[in-house]
Amino acid sequence: MEEALQTARDRKVSKHKRGLDQEAPDVPRTKSPHIPPSPLSARPSFYQGSFPFYRLPSELGSFSLDEKRCYHNDARRLRYLSPPPGMDRGEASLGWDLMDGFEDRYVCRNEDDKEGLLHILTWVKENKGLLRGNGRSASDRPVDRDFVTWRGHLTKILCTPYETQEGWILAVTLFKGTLYISERETAVAYKKRKERTREQEKLMYSGYKFESYMCADSPDGSPCPSEVVNTNEGFCSVLLGRLASHSFLVSGEVDCKDSSSSNPSPPSCYVELKTSAQIRNSHQERSFHRYKLLKWWCQSFLLGIPLIVAGFRNPKGRIVSLEKFRTSEIPHLVRVI
């Protein structure tokens with residue numbers, strides 16, 4: 001498994017979306033045979049037709065990342081949904097300030113530190129017994145699946161026909177029969193990140209801050225909005241899924257668990273938390289459904305998360321309303337707009 005860890009870091013083959021993006025200048029290159037990028041059509045009409053067979057993922061395990069981004073093979077960073085009283089009736093007392101703590105209670109993860117598949121592969125290394133299939137030993141094939149990747153990488157691929165502004169580069173390593181998919185930052189994404197404005201930083205912060213109003217550290221606990229927002233921390237689910245004839249192991253960060261869910265088994269009890277600007281007119285509503293809601297669906301659908309709770313903020317950065325979206329109902333909402 002140590003060999004797999006090293007291979008995933010060092011030996012990569014890239015494919016470019018639409019062939020337009022170049023790799024970020026600060027990412028070191030490794031020598032490898034030149035393989036021309038394969039074109040990937042971004043025309044929505046190319047993908048019209050019946051939906052392919054997709055087996056909703058089943059959770060195999062999980063892991064946590066602490067305040068220093070250190071890996072732990074447990075669920076210590078799993079948080080629990082703790083909505084305000086009256087949320088389902090639209091009577092919740094809101095007005096939460098999403099900018100509170102931005103200046104003095106915010107620890108932002110170092111985005112220059114490219115982790116790749118490190119944490120997934122660490123989980124694989126520590127959970128070999130869960131991954132053996134067909135009587136083969138772990139040395140024959142560490143992961144008995146066709147693909148291993150992050151949920152975020154699959155989201156980029158799934159959104160490709162509908163996202164014309166952002167490109168991507170995926171790095172793929174074939175190791176003992178399994179394709180490991182990671183990502184390389186494009187030159188465009190690198191430039192945007194380095195030139196991010198203070199207002200854009202605040203918008204990023206607001207999403208994490210929303211979680212501090214909606215989540216507790218225990219099933220019977222209460223949110224603590226005064227806590228430090230540390231984006232190093234996270235709880236990640238590891239799942240097995242299948243797309244047509246292709247099997248995969250995928251991991252993604254989970255915001256919280258709904259202890260009152262009618263189905264307590266993960267991922268059916270998981271909840272995605274999102275924020276968006278308050279919708280004031282029909283044009284904003286169409287844009288929300290066409291772009292943001294579509295991406296939310298992709299993220300939740302891929303992990304089998306059934307519920308999204310969204311907080312809508314006013315121009316002053318305060319939450320003015322909450323709304324629930326059932327993942328299974330979003331495709332219909334997108335079509336009718």
Side-chain angles (χ1 to χ4, degrees), residues 62-69 72 74-88 92-109 111 119 150-152 155 200-237 251-261 266-267 269-278 292-293 295-300 302-303 305-314 316-325 327:
S62 61
F63 60 88
S64 297
L65 302 172
D66 65 20
E67 67 279 359
K68 295 183 179 179
R69 204 66 181 171
H72 299 275
D74 54 39
R76 68 181 66 188
R77 284 298 184 268
L78 173 61
R79 307 189 76 187
Y80 298 85
L81 182 68
S82 181
M87 183 183 77
D88 290 335
S93 177
L94 302 174
W96 304 333
D97 184 4
L98 298 184
M99 294 299 104
D100 178 50
F102 177 75
E103 301 291 349
D104 58 346
R105 300 193 309 277
Y106 181 30
V107 178
C108 187
R109 183 170 73 88
E111 295 180 81
H119 297 309
W150 285 107
R151 182 260 305 267
T155 299
Q200 290 171 330
E201 294 283 357
K202 287 182 176 181
L203 278 179
M204 291 180 58
Y205 171 80
S206 68
Y208 294 103
K209 183 64 180 180
F210 179 63
E211 296 177 16
S212 72
Y213 287 107
M214 292 290 295
C215 298
D217 290 333
S218 62
D220 56 353
S222 299
C224 182
S226 62
E227 66 185 2
V228 173
V229 172
N230 188 331
T231 62
N232 286 299
E233 300 177 348
F235 167 79
C236 296
S237 176
S251 181
E253 188 168 339
V254 173
D255 292 330
C256 59
K257 175 181 178 179
D258 182 3
S259 298
S260 66
S261 172
C269 59
Y270 291 152
V271 178
E272 193 85 21
L273 299 177
K274 297 293 186 181
T275 60
S276 187
Q278 184 181 13
K292 185 161 290 188
L293 196 56
K295 186 172 183 180
W296 291 0
W297 173 81
C298 291
Q299 293 171 330
S300 296
L302 286 169
L303 287 194
I305 297 177
L307 179 65
I308 301 169
V309 178
F312 292 89
R313 64 181 185 275
N314 64 17
K316 294 183 179 180
R318 290 185 177 274
I319 293 294
V320 294
S321 65
L322 298 173
E323 187 172 352
K324 289 183 176 181
F325 295 93
T327 304

Q) At what distance, to the nearest 0.5 angstrom, does CG of Asp217 lie from SG of Cys256? A) 12.0 Å
Q: Using the six-membered ring wherever Trp is involved, compare the ring planes of Tyr205 and Phe102 and label them parallel, tilted or perpendicular (cut-offs 30° and 60°).
A: perpendicular
Q) Can you find a heavy atom in the side chain of Val309 that is under 4.5 Å from one in the side chain of Met87? A) yes
Q.
Pair Val107, Val229 - check side chain to side chain contact (heavy atoms under 4.5 Å, CB included), show working.
A. CA-CA 6 Å; Val107 178; Val229 172; over 6 Å; no
(Q) Are Val320 and Arg313 packed together at the side-chain level, in the sense that at least one heavy-atom pair is separated by less than 4.5 angstrom? (A) no
(Q) Can you give me the closest heavy-atom contact between Ser64 and Arg77, atom names plus distance? (A) OG-N, 3.1 Å
Q.
How long is the straight-line distance from OG of Ser222 back to OH of Tyr80, given to the nearest 0.5 Å?
A. 14.5 Å
Q: Could you grab the distance from atom CZ of Arg151 to atom OG of Ser300, nearest 0.5 Å is fine?
A: 6.5 Å
Q. When you measure from the side chain of Arg318 to the backbone N and O of Leu98, does any donor-acceptor pair fall under 3.5 Å?
A. no
Q) Side chain of Asn230, backbone of Glu67: donor and acceptor closer than 3.5 Å? A) yes
Q.
For a 4.5 angstrom cut-off between non-hydrogen side-chain atoms, does Lys257 reach Leu81?
A. no
Q | Over all atoms of both residues, closest heavy-atom pair of Pro84 and Met214 | A | CD-SD, 4.0 Å
Q: Of all the heavy-atom pairs spanning Tyr270 and Ile305, show the shortest one and how long it is.
A: O-CG2, 3.3 Å
Q. Are Thr327 and Glu272 close enough that some pair of their side-chain heavy atoms sits under 4.5 Å apart?
A. no
Q.
For Ser237, is there any backbone N or O sitting under 3.5 Å from a side-chain donor or acceptor partner on Ser62?
A. no
Q.
If I take atom CG from residue Leu293 and atom CD1 from residue Ile308, how far apart are they, to the nearest 0.5 angstrom?
A. 6.5 Å
Q) Does any non-hydrogen side-chain atom of Phe312 lie less than 4.5 Å from one of Ile319? A) no
(Q) I'd like to know if the side chain of Arg105 reaches the main chain of Ser226, judged simply by a donor and an acceptor atom lying under 3.5 Å from each other, with no hydrogens or angles considered. (A) yes
Q: Output yes when Lys274 and Asp255 qualify as a salt bridge under the 4.0 Å nitrogen-oxygen rule, no when they do not.
A: no
Q | Asp97/Lys316 salt bridge by N-O under 4.0 Å criterion | A | no
(Q) Would the distance check show the side chain of Lys209 and the main-chain N or O of Pro225 forming a donor-acceptor pair, the cut-off being under 3.5 Å? (A) yes
Q: Could you tell me the separation between the CD atom of Glu227 and the CD atom of Glu211, rounded to the nearest 0.5 Å?
A: 9.5 Å
Q) Shortest non-hydrogen contact from Thr275 to Lys292? A) O-NZ, 4.0 Å
Q. Does Tyr213 reach the side chain of Leu322, with side-chain heavy atoms less than 4.5 Å apart?
A. no
Q: For the residue pair Trp297 and Phe325, establish whether any side-chain heavy-atom pair is separated by less than 4.5 Å.
A: no
Q) Okay, side chain of Thr231, backbone of Arg109: is any donor-acceptor separation there less than 3.5 Å? A) yes
Q) Do you know the tightest heavy-atom contact between Arg69 and Asn232? A) NH1-O, 2.8 Å
**Q.** Minimal non-hydrogen separation, Ala216 against Pro223, with atom names
**A.** CB-N, 4.1 Å
**Q.** Geometric class of the Trp150/Phe63 ring pair [parallel <30°, tilted 30-60°, perpendicular >60°]
**A.** perpendicular
Q: Quick one: pull up CG in Asp66 and CZ in Arg76 and give me the separation to the nearest 0.5 Å.
A: 7.0 Å
